[in-house]
Amino acid sequence: MRDLFKNTYRVNFIDKLSDAEIQKNIASFQTNPKIRSVKYEAKRNSFFIEENVIWVAVFHSSTMDKWKFIEQNSKFRSLEEVLAPEIQKQLGL
């Protein structure tokens, strides 16, 4: 099973960011095509980020007959660490 989900998270900073740092960070986050929204929250000195991700749910003997939820992301090796190549092929990944 494969579905698209809205994933949200917050990136917090200890030291107060300057306006230039805020803009630089926003531009950096926006280079990721999956990110839909980046908002700087001044009171929290943090960024609230929304992105669309594809989660793959797998129940198989290779996952010890337990459900595993894995983000499909070419930058992470999580699929290779959990699923054998032949299973990935069967799932169309």
Side-chain angles (χ1 to χ4, degrees):
M1 176 172 68
R2 188 166 63 164
D3 268 322
L4 185 65
F5 290 93
K6 180 169 48 169
N7 199 32
T8 60
Y9 57 95
R10 184 172 277 115
V11 178
N12 299 302
F13 291 84
I14 295 170
D15 297 327
K16 184 74 174 151
L17 298 176
S18 69
D19 288 342
E21 291 171 316
I22 293 166
Q23 295 308 313
K24 181 180 176 183
N25 278 286
I26 288 173
S28 177
F29 286 124
Q30 290 176 334
T31 62
N32 181 340
K34 293 181 181 181
I35 291 183
R36 298 292 164 232
S37 172
V38 179
K39 296 175 185 155
Y40 178 70
E41 300 172 321
K43 288 183 180 181
R44 291 181 178 216
N45 195 37
S46 67
F47 293 94
F48 183 75
I49 301 164
E50 295 178 332
E51 66 178 344
N52 290 337
V53 295
I54 295 174
W55 288 97
V56 179
V58 180
F59 183 92
H60 187 267
S61 61
S62 68
T63 64
M64 294 191 238
D65 292 327
K66 293 183 180 181
W67 281 104
K68 297 287 182 177
F69 297 88
I70 308 160
E71 179 183 347
Q72 186 177 359
N73 185 329
S74 61
K75 292 182 181 180
F76 299 140
R77 297 189 49 88
S78 57
L79 283 177
E80 288 76 21
E81 292 170 4
V82 177
L83 299 176
E86 62 272 7
I87 296 171
Q88 292 182 50
K89 185 176 180 180
Q90 290 172 2
L91 294 171
L93 302 175

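This one's a predicted model, so the numbers in the text were calculated from it and none came from an experiment.
- If you chain together hydrophobic residues whose side chains sit under 4.5 Å apart, Val38 and Tyr9 fall into the same group.
- Take Phe48 and apply the ring-ring contact (aromatic ring centres under 6.0 Å, His included) test, not counting sequence neighbours, and it matches no residue.
- Every residue meeting the side chain to side chain contact (heavy atoms under 4.5 Å, CB included) condition with Ser37, not counting sequence neighbours, appears here in chain and number order: Lys39, Glu50.
- Side chains of Asn7 and Asn52 form no contact here, defined as non-hydrogen atoms less than 4.5 Å apart.
- The heavy-atom pair separating Ala57 from Phe69 by the smallest distance is CB-CE2, 3.5 Å.
- For Lys16, the NZ atom sits in a packed shell: over 12 heavy atoms of surrounding residues, nucleotides or ligands are nearer than 6.0 Å.
- Note that CZ of Arg36 and NZ of Lys6 are 11.5 Å apart. Values are rounded to the nearest 0.5 Å.
- Counting only distance, with no hydrogens or angles, the side chain of Asn45 and the backbone of Phe13 share a donor-acceptor pair below 3.5 Å.
- Annotation: Trp67 is in aromatic contact with Phe59 [ring centroid separation under 6.0 Å].
- When side chains are defined from C-beta on, Leu17 counts as touching Phe47, because their heavy atoms get closer than 4.5 Å.
- Closest approach of Asn12 to Ser46, counting heavy atoms only: OD1-CB, 3.1 Å.
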Check: residues 20-30 side-chain donor-acceptor pairs under 3.5 Å, at least two apart:
from  : atom 1 : to    : atom 2 : distance (Å)
Glu21 : OE1    : Ser18 : N      : 2.7
Glu21 : OE1    : Ser18 : OG     : 3.4
Asn25 : ND2    : Glu21 : O      : 2.7

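- Note on Tyr40 and Val11: same hydrophobic cluster, where clusters join Ile, Leu, Val, Met, Phe, Trp and Tyr whose side-chain heavy atoms are under 4.5 Å apart, directly or indirectly.
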